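Only a predicted model underlies this, so the values are computations on that prediction, with no experimental measurement involved.
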Amino acid sequence: MYTLRNKFLEVKMDEAARIVSLKRIGCENILTGTTGEGFRAVLAFVEKERLENVAVGSRQTWRIHATKTRLEYVADTLVYSDGLRDDNVAQCQVALHVQLDGEQLVFSAEVENGTTAYITDFEFPRVGELKDLGDGIPTLFVPIQSGRAFVNPGAALSKSDSREQFANSMEFVYPGPISMQWIALCGKKFCLALEANDATFAACAFRVSGRLGGEGAMTLMYDRYVSVNPMSHATLAPVKLKFYEGDWRRCAAEYASWIRPYRPSHQRPQWVMDMQGYYLVINKQQFGYDMWPYGTLPELYQYAQECGCDVLGLFGWYESGHDNRYPDLKVSRTLGGAAALKKNIRAVQAKGGHVTLYYQGHLIDPNSDFYKKEAAPITLRTIWGQEYVEYYNKSHQSGFLADFSHKRFSMACPSTKKWRDLMVSRADWLASFGSDGMLYDQLGGIRPYVCFGKGHHHDGDSPARAQSGGRRKLLHELQTHSKEISPEFGFATEHITDIYSTYPDFLHGIAAFPSSHNAEANATAHPEQGGEYMVPQMFRSCFPEVKITIRNPRPYMNRRFVNFAFVHSFLLEQELRYRSDVDDTRNGTFAAEHAYAKSISDFRRQNWDILGYGTYLDNAFARSSMPSLVAVSYEAGDKRAVALWNDSEKPVELSCLKLSSGMAVAEILTPDGKRAKRLPARLAAESVALLLLK
């Protein structure tokens with residue numbers, strides 16, 4: 001047994017690199033048991049089609065070097081099981097490093113791989129088992145897109161009796177779907193956070209695993225995907241296990257500080273800086289409906305204004321319809337032709353609006369000429385050498401299409417120069433119609449496919465960096481070229497991820513919507529019952545400069561979506577996707593919802609100096625003791641304000657709002673135009689307000 005100790009933490013590890021005790025000085029050990037293994041790796045011998053050869057820490061012969069604050073485990077060869085024998089030996093040297101540094105343990109590793117195998121999984125550290133942090137039922141905070149919380153996760157992970165892979169686990173893959181390299185388990189007082197600082201941004205996963213009948217016991221682990229190539233050396237980036245007094249905000253702030261140098265800044269067009277909402281229209285659907293001909297663009301902009309939006313986003317504006325024939329897009333004759341498209345874009349602009357045109361930056365349709373003639377060398381490839389595929393189905397009234405004819409797509413590897421050059425060249429085509437900008441879909445953080453395509457020139461020759469390296473190049477090239485077209489030509493994409501979000505001018509958000517009603521309040525009152533809720537403060541507080549729309553695939557925005565967008569500074573979004581949306585829009589079916597959205601959009605526009613140009617500061621100036629009262633702080637120069645939202649069906653007592661020391665109420669504003677110098681006793685049900693401070 002080896003002990004690492006300083007004035008903050010005491011950690012004990014055994015001869016197999018397992019953590020057997022973890023505690024803060026003066027507190028009890030939080031581990032209720034020892035995870036099966038402290039280290040695990042998988043070797044894949046591709047040429048033999050033997051892809052799951054497992055090495056674990058307990059089977060290795062380690063040479064261990066120890067000091068008061070550092071441990072090193074060195075294995076000169078790697079013993080693994082191939083499913084037939086458990087004592088196979090690979091010529092692969094592994095050195096695991098554990099460093100106690102303040103309130104954190106830092107884990108790193110070096111690998112000298114003398115075999116023909118890829119190391120496809122490298123799990124280190126594996127921390128557990130634990131049920132809580134000694135301060136009540138914990139909540140797991142995960143930056144899934146803008147952020148999400150899972151209450152009492154261990155209980156849920158103890159119930160599954162499946163034998164399938166990771167049956168009792170929650171897995172979070174980065175970059176995308178999770179937007180940052182950390183997760184945090186928080187109790188009432190303490191936080192245990194697992195944070196990676198990998199500047200290569202290679203594909204990885206955070207995992208929280210339980211076991212059937214485990215009574216809430218969990219193991220936290222970090223898995224590096226395809227971290228070591230055959231016959232190569234690798235130094236693996238540090239992973240930090242932080243155990244401190246506080247909540248997830250400290251980990252998030254430290255991570256945001258670390259990643260800042262990797263996020264180049266750029267000047268956004270002024271119309272994006274002033275943008276209120278995105279009115280997303282599918283002109284022609286995948287299955288053939290022509291819904292909104294080019295001549296209807298001025299009509300559509302009128303509808304957009306009626307619900308507080310000021311930018312038209314045209315999807316499916318091309319002849320083949322949405323999610324068809326990528327990348328071979330052409331102007332639609334049936335929607336009106338090129339002259340009509342240009343004329344009606346100008347008509348929208350004459351009314352003060354802006355228009356973006358859609359292009360697909362990720363998918364390739366096997367029915368396209370490009371796929372048939374040119375795509376094979378540049379598509380993403382699995383370890384088997386086959387193409388990765390995804391399916392997108394936009395059926396609306398046909399059960400047959402929904403059940404039997406999902407449309408299949410291959411995907412381009414963004415590390416290939418041919419694909420990047422094609423994408424950049426198509427930006428000129430989009431701009432030729434007079435649009436104000438372009439949206440290249442799915443580039444902002446979709447699943448980081450590990451690519452084994454030959455000749456793709458992945459960063460570091462690493463399959464795991466095919467996406468992160470290639471997409472950063474592609475996004476940079478698209479941003480740069482968009483401003484060569486014009487400083488005011490905008491560039492947008494979809495998904496929310498730290499390393500990608502710095503390049504677009506705004507994001508078409510994913511999972512940016514409010515929790516189910518009372519989800520956080522119920523979870524707070526009854527944590528033993530579990531549950532989950534959204535925590536958009538995670539991403540918004542780390543990267544407040546990023547412009548993000550809510551995600552709303554409906555022809556109206558309900559009151560909660562609008563209030564959620566207001567308080568968290570998301571841009572509004574409304575979508576017209578199907579034929580029934582055409583009828584409902586023209587018939588005024590959702591006039592009341594549109595009127596409310598416009599009233600809040602107008603209210604926000606009146607205070608854009610702080611809600612639009614200011615900085616999102618989470619709970620810096622005020623804290624609410626009731627989950628149903630959401631309070632978010634903003635600052636712009638010497639101006640400070642708190643956006644308030646009563647997300648309940650009853651008035652809420654504002655005595656639950658506590659201002660930070662030195663802050664006082666200057667004025668409170670409401671969307672109906674009323675202003676008061678004093679904080680009222682209550683905030684009306686399902687309403688918002690803006691509190692100005694002095």
Side-chain angles (χ1 to χ4, degrees), residues 111 113 118-122 173-181 196-205 222-230 232-239 255 258-266 360-364 375 377-383 387-388 410-424 440-481 491 493-504 507 543:
V111 182
N113 183 9
Y118 287 97
I119 298 182
T120 57
D121 295 75
F122 195 95
V173 176
Y174 174 88
I178 68 169
S179 58
M180 292 178 271
Q181 300 178 57
N197 289 160
D198 183 0
T200 71
F201 305 100
C204 66
Y222 178 71
D223 191 356
R224 299 165 176 87
Y225 289 134
V226 196
S227 54
V228 188
N229 286 352
S232 69
H233 174 87
T235 299
L236 304 184
V239 181
Y255 179 81
W258 168 79
I259 200 175
R260 191 168 295 120
Y262 304 100
R263 288 177 52 85
S265 61
H266 69 274
Q360 173 55 243
H362 173 62
L363 303 176
I364 303 176
I378 68 168
T379 52
L380 291 167
R381 298 281 169 169
T382 72
I383 198 168
E387 290 181 347
Y388 287 102
S410 296
M411 290 162 279
C413 178
S415 290
T416 59
K417 189 175 185 299
K418 181 175 182 176
W419 183 254
R420 297 199 308 273
D421 288 348
L422 174 64
M423 294 296 101
V424 172
Y440 277 69
D441 208 6
Q442 297 185 311
L443 292 181
I446 205 164
R447 193 171 184 84
Y449 291 99
V450 176
C451 179
F452 293 85
K454 304 298 183 182
H456 286 192
H457 304 293
H458 304 138
D459 273 11
D461 193 31
S462 169
R465 295 165 62 181
Q467 296 297 304
S468 59
R471 286 207 170 160
R472 292 167 77 194
K473 291 186 181 75
L474 175 55
L475 289 164
H476 171 73
E477 291 169 9
L478 288 170
Q479 171 56 234
T480 299
H481 192 60
F491 166 48
T493 188
E494 182 192 36
H495 291 274
I496 305 170
T497 308
D498 52 8
I499 57 165
Y500 304 140
S501 62
T502 192
Y503 297 98
L507 297 178
F543 311 107

*asked:* So does P414 get a backbone contact from the side chain of R420, meaning a donor-acceptor N/O pair under 3.5 Å?
replied: yes
_Approximate separation, where rounding is to 0.5 Å, of Q360 CD and M411 CE_ = 10.5 Å
*Give a yes or no answer on whether the side chain of S410 reaches the backbone of T379 with a donor-acceptor pair at less than 3.5 Å.*
no
_Gap separating the CG atom of L443 from the OH atom of Y500, nearest 0.5 angstrom_ = 9.5 Å
_Is the ring pair Y255/W258 parallel, tilted or perpendicular, if the boundaries are 30 and 60 degrees?_
tilted
*Which value, rounded to the nearest 0.5 Å, describes the distance between C204 atom SG and L236 atom CG?*
11.5 Å
_Just so I know, are the side chains of F543 and D498 near enough to count as touching, which here means a heavy-atom distance under 4.5 Å?_
yes
*Before giving the answer on side-chain contact (heavy atoms from CB on, under 4.5 Å), spell out for T120 and Y225 the whole-Å C-alpha distance, their side-chain angles and the decisive distance to 0.1 Å.*
CA-CA 5 Å; T120 57; Y225 289 134; over 6 Å; no
*Is any side-chain heavy atom of R224 closer than 4.5 Å to a side-chain heavy atom of D121?*
no
*When you check the gap from the basic side-chain N to the acidic O, do D459 and K473 get nearer than 4.0 Å?*
yes
*Tell me, do I119 and N113 make a side-chain contact under 4.5 Å, heavy atoms counted?*
yes
*Say whether, by atom type as modelled, one donor and one acceptor occur between the side chain of T502 and the main chain of P264 under 3.5 angstrom.*
yes
*State which residues pass side-chain contact (heavy atoms from CB on, under 4.5 Å) with V424; sequence neighbours excluded, sorted by chain then number.*
E477, L478, H481
*For A202 and P175, which heavy atoms make the closest approach, and how far apart are they?*
O-CD, 4.1 Å
_Reported CE-to-CG distance for the pair M423 and L474, which is rounded to 0.5 angstrom_ = 7.5 Å
*Give, for atom OG of S415 and atom CD1 of I378, the distance between the pair rounded to the nearest 0.5 Å.*
11.5 Å
*asked:* For a quick test of reading the model, state the closest non-hydrogen atom pair linking W419 to H362 and the distance between them.
replied: CZ2-N, 4.2 Å
*Spell out, as yes or no, whether a donor-acceptor pair under 3.5 Å connects the side chain of Q479 to the backbone of Y503.*
yes
*asked:* Closer than 3.5 angstrom, by distance alone: can the side chain of S232 be matched with the main-chain N or O of N229 as a donor-acceptor pair?
replied: yes
*Do S265 and R263 have a side chain donor and acceptor closer than 3.5 Å?*
no
_Using a 3.5 Å distance criterion without hydrogens, assess whether the side chain of H495 forms a donor-acceptor pair with backbone atoms of S179._
no
*Where do I364 and A412 come nearest, in terms of heavy atoms and distance?*
CD1-CB, 3.8 Å
*Does atom NE2 of H233 have more than 12 heavy-atom neighbours from other groups under 6.0 Å away?*
yes
_Within-4.5 Å side-chain heavy-atom neighbours: E387 and L380_ = no
*For Q181 and Y174, work out which heavy atoms get closest and say how close.*
CG-CE2, 3.3 Å
_Flag, side chain of H456 to backbone of P377, donor-acceptor distance under 3.5 Å_ = yes
*Aromatic contact, Y222 with F122 (centres under 6.0 Å)*: no
*Parallel, tilted or perpendicular for Y388 and Y449, by the 30°/60° rule?*
tilted
Ignoring hydrogens and angles, write down the donor-acceptor pairs under 3.5 Å from the side chains of residues 462-470, residues two or more places apart or on other chains.
{"residue": "S462", "atom": "OG", "partner": "A464", "partner atom": "N", "Å": "3.2"}
{"residue": "Q467", "atom": "OE1", "partner": "R471", "partner atom": "NE", "Å": "3.3"}
{"residue": "Q467", "atom": "OE1", "partner": "R471", "partner atom": "NH2", "Å": "3.3"}
{"residue": "S468", "atom": "OG", "partner": "T200", "partner atom": "O", "Å": "3.3"}
{"residue": "S468", "atom": "OG", "partner": "F201", "partner atom": "O", "Å": "2.8"}

*asked:* So which atom in H458 and which in C451 form the shortest heavy-atom distance, rounded to 0.1 Å?
replied: CE1-O, 3.0 Å
_Rounded distance [0.5 Å steps], CZ in R381 versus NZ in K454_ = 11.5 Å
*asked:* Tell me the closest heavy-atom pair linking T497 and I178, and the distance in Å.
replied: CG2-O, 4.4 Å
